[in-house]
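Step one of this worksheet: look at the structure below.
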Amino acid sequence: MLARLRPKTDLRTLIALLAITSIVITLANTLYATWRVQRMVLIESTLEANRAYAAKLAATTEVFFQLAQSQLHYSATQLGNDFDNADLAQQEVNRLREQTNSFNSVAVVDSNGIVKAISPESLMLKGMQLTSQSSREALAKRQPMVSKPSISAANNLIVFVSWPIISKDGRYRGYVGGTIYLKKKSILNALLGEQYYRDGTHVYVLDRNNQVLYHQNSQLIGKSVPGIISDRQRQDHTNGEVQLTEGDVPKLAGYAIVPTTGWMVVALKPTHVTLAPLSGLLLKVLKNSVPFALLTLLVAVILARLIALPLWQLARKASQMDSQGVSSEIRGIRAWYFEAAQVKRALLTGIGLVQDKIGRLKSEVQTDPMTNLLNRRGLSAVLDYFATMRQPFSVLALDIDHFKRVNDTFGHDVGDEVIKHVARTLRNSARQTDVVCRNGGEEFLMLLPATSVEDARILAERVRSSIAENWIDPVGNVTLSVGIADWQPDEGTQEQSLKQADAALYQAKNAGRNCVMISGQDALVSSITH
């Protein structure tokens with residue numbers, strides 16, 4: 001009998017096959033996981049490095065503009081004390097250009113836009129009226145400013161930094177300003193260009209309109225390019241990182257905003273350059289893993305023989321303990337080897353009993369015994385599930401109007417029947433995906449997943465009308481007041497939405513009951529005169 005029951009494949013062979021399969025799968029999974037993790041690490045570290053690098057350059061550029069404005073402020077103060085002194089004006093512009101090396105050219109301009117002094121004088125603009133956009137803007141605003149990139153009188157693409165000149169008696173006399181060339185050699189180009197990484201990363205600078213202000217390829221300066229982030233992201237985040245997939249070569253970018261000018265410094269590195277070391281890393285992992293895998297396989301084969309013999313003997317003993325009644329229960333079970341049939345029978349029987357008992361206990365704990373709706377504990381479980389799945393929903397808070405009067409007049413037994421009637425109506429009105437629960441007393445909640453506030457209002461009106469139109473003996477007609485709110489995963493907490501629905505419910509009560517109110521709306525959505 002036992003010989004006929006013996007399976008074709010013994011346990012020793014199965015354990016050996018399982019060990020081999022496990023080792024192969026583990027090795028493959030190790031390689032794949034290593035590839036995934038290292039790829040993620042390389043990408044994230046490159047993004048963070050580019051973000052930090054862009055932030056550093058943005059901070060350096062910000063300091064430069066602050067220093068440049070500070071220098072202009074000092075000169076403006078000196079010129080304000082003696083604005084008509086032509087020698088002093090020429091002395092200041094020469095000092096600003098030659099001593100600080102911050103500007104390619106410096107000029108003092110009066111309130112009519114006439115150049116009083118300029119350095120270098122070779123520009124031959126002294127005595128001329130400046131009509132450039134940056135000059136007009138400086139005269140109009142009469143305050144410290146950094147202009148938008150523009151074409152200068154000498155036909156250069158420049159950024160103009162200026163400071164107003166105010167005399168001792170408070171009169172506006174003009175401004176002192178310096179230009180920074182964007183296409184030619186300047187201190188700004190030196191600040192941005194001499195620090196870049198030599199690992200495939202390059203840097204460029206965009207103004208608010210995505211016009212290139214600095215690029216290692218000077219031919220791109222002054223041209224407009226597609227922005228790497230939206231205007232909203234640019235306003236909300238002073239620095240960040242983004243993966244660019246547009247174009248032929250995916251890139252990893254970090255960016256940072258210069259506060260004074262609103263410029264965006266971008267550090268870019270091609271994704272394939274970042275991931276180049278990955279293949280070599282996988283070969284090293286494979287080289288180190290294979291010897292240990294073979295050693296593990298040898299140990300597994302030896303242990304398989306040692307483990308299989310006692311287990312097979314114990315299984316034969318277990319077969320002798322089977323009773324006639326148990327054999328009928330395992331006829332439908334397909335056990336492809338002898339030992340597995342015994343273990344499977346015990347496990348499935350035990351697990352089935354435990355799961356059945358746990359299911360009954362769980363249902364009893366989460367269900368209101370009077371209405372068979374979910375109770376507070378069941379509601380909490382549903383809310384946790386919605387939060388985990390980030391499932392938006394609308395919530396209806398419902399309350400039976402004048403319920404205390406029903407209890408006082410007809411007794412609590414009749415009041416219970418009213419509650420059961422309302423519960424049945426809510427359950428019948430709900431859709432398959434909706435969740436209905438009794439929140440306590442005469443209060444109920446309905447959760448409507450993926451439902452807009454307007455659709456929730458329509459359903460609430462249908463429920464309210466159905467309740468109001470039904471006659472309940474001996475009470476007569478009862479009515480509901482309903483408050484509506486909604487929850488979006490990125491907008492507040494679920495608790496806040498429930499409180500908003502409760503507040504809207506009290507609005508409905510104060511508005512005369514038997515009506516529906518939406519959170520945040522002052523007007524009564526609907527009502528029936530009663």
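Side-chain atoms are counted along with the backbone in the values below, which use heavy atoms only and exclude waters and symmetry mates.
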So which of R377, R438, R376 actually passes salt bridge (charged side-chain N to carboxylate O under 4.0 Å, His left out) with D368? R438
Can you check side-chain contact (heavy atoms from CB on, under 4.5 Å) on K148 and V159, steps first, answer last? CA-CA 6 Å; K148 297 178 180 178; V159 171; over 6 Å; no
Determine whether a donor-acceptor pair (N or O, by modelled atom type, separation under 3.5 Å) exists between the side chain of N428 and the backbone of R424. yes
Gap between atom CZ of R390 and atom CD of Q488 - 0.5 Å precision: 10.0 Å
Inter-residue atom distance Q496.CD - S519.OG, 0.5 Å rounding: 11.0 Å
For residues L445 and V395, determine if any side-chain heavy atom of one lies less than 4.5 Å from a side-chain heavy atom of the other. yes
Under 3.5 Å, which donor-acceptor pairs do the side chains of residues 250-260 form with other protein atoms, sequence neighbours left out?
{"from": "K251", "atom 1": "NZ", "to": "V249", "atom 2": "O", "distance (Å)": "3.2"}
{"from": "T260", "atom 1": "OG1", "to": "E62", "atom 2": "OE1", "distance (Å)": "2.8"}
{"from": "T260", "atom 1": "OG1", "to": "E62", "atom 2": "OE2", "distance (Å)": "2.5"}

Out of curiosity, Q391 CD to L447 CG, how far, rounded to the nearest 0.5 Å? 10.5 Å
Donor-acceptor contact below 3.5 Å, side chain S497 vs main chain E495: no
Any side-chain heavy-atom pair from T271 and Q243 closer than 4.5 angstrom? no
Which atom pair, heavy atoms only, marks the closest approach of D207 to N209? OD1-N, 2.9 Å
Could you check L275 against W35 for side-chain contact (heavy atoms from CB on, under 4.5 Å), going step by step and ending with a plain yes or no? CA-CA 10 Å; L275 300 180; W35 178 82; over 6 Å; no
Does any part of the side chain of M446, heavy atoms only, come nearer than 4.5 Å to the side chain of L448, both counted from C-beta? yes
Looking at every non-hydrogen atom in both residues, tell me the closest pair between S134 and M145 and how far apart they are. O-CE, 4.4 Å
Please step through side-chain contact (heavy atoms from CB on, under 4.5 Å) for the pair N50 and K269, ending with a clear verdict. CA-CA 8 Å; N50 285 348; K269 185 175 182 180; 3.8 Å; yes
What heavy-atom pair brings L480 and R464 nearest, and what distance separates the two atoms? O-CG, 3.7 Å
What is the distance from atom SG of C437 to atom CG of L379, rounded to the nearest 0.5 Å? 4.0 Å
Pairwise side-chain contact, Q211 with L206, heavy-atom cut-off 4.5 Å (strictly under): no
Enumerate the residue pairs fulfilling salt bridge (charged side-chain N to carboxylate O under 4.0 Å, His left out) with a member in residues 230-241, sequence neighbours excluded, ordered by first and then second residue. R232-D236
Do the non-hydrogen side-chain atoms of L268 and V266 ever get within less than 4.5 Å of each other? yes
For residues F103 and V161, report the shortest heavy-atom separation together with the two atoms involved. CE2-CB, 4.2 Å
Verify salt bridge (charged side-chain N to carboxylate O under 4.0 Å, His left out) between K499 and D502, making sure each step is shown before the conclusion. CA-CA 5 Å; K499 288 182 178 179; D502 197 52; over 6 Å; no
Is it true that a side-chain atom of T367 and a backbone atom of P369 form a donor plus acceptor pair closer than 3.5 Å? no
What one should report as the nearest heavy-atom pair of R208 and G262 is NH2-CA, 3.5 Å
Would you indicate whether the side-chain heavy atoms of R39 and T274 approach each other to under 4.5 Å? no
Are the side chains of T433 and P449 in touch, meaning some heavy atoms are under 4.5 Å apart? yes
Steps toward side-chain contact (heavy atoms from CB on, under 4.5 Å) verdict (L426, V463): CA-CA 7 Å; L426 296 181; V463 171; 3.2 Å; yes
Please state whether the rings of W487 and F393 are parallel, tilted or perpendicular, taking 30° and 60° as the class boundaries. tilted
Provide the closest heavy-atom pair for R462 versus S429 in the form atom of the first, atom of the second, distance. NH2-O, 3.9 Å
Interatomic distance, Q133 atom CD to S147 atom OG [nearest 0.5 angstrom]: 8.0 Å
Hey, what do you get for OG (S481) to CG (L398), rounding to the nearest 0.5 Å? 9.5 Å
Does some side-chain heavy atom of V436 sit less than 4.5 Å from a side-chain heavy atom of T371? no
Q233 side-chain N/O to S230 backbone N/O, donor-acceptor pair under 3.5 Å: yes
Should the heavy atoms of other residues, nucleotides or ligands under 6.0 Å from CE of M40 be counted, would the total exceed 12? yes
Side-chain donor/acceptor pairs under 3.5 Å, residues 20-32, sequence neighbours excluded:
{"from": "T21", "atom 1": "OG1", "to": "L17", "atom 2": "O", "distance (Å)": "2.8"}
{"from": "S22", "atom 1": "OG", "to": "L18", "atom 2": "O", "distance (Å)": "2.7"}
{"from": "T26", "atom 1": "OG1", "to": "S22", "atom 2": "O", "distance (Å)": "2.6"}
{"from": "T30", "atom 1": "OG1", "to": "T26", "atom 2": "O", "distance (Å)": "2.7"}
{"from": "Y32", "atom 1": "OH", "to": "R36", "atom 2": "NH1", "distance (Å)": "2.8"}

Ring centroid separation for Y214 and Y204, is it under 6.0 angstrom? no
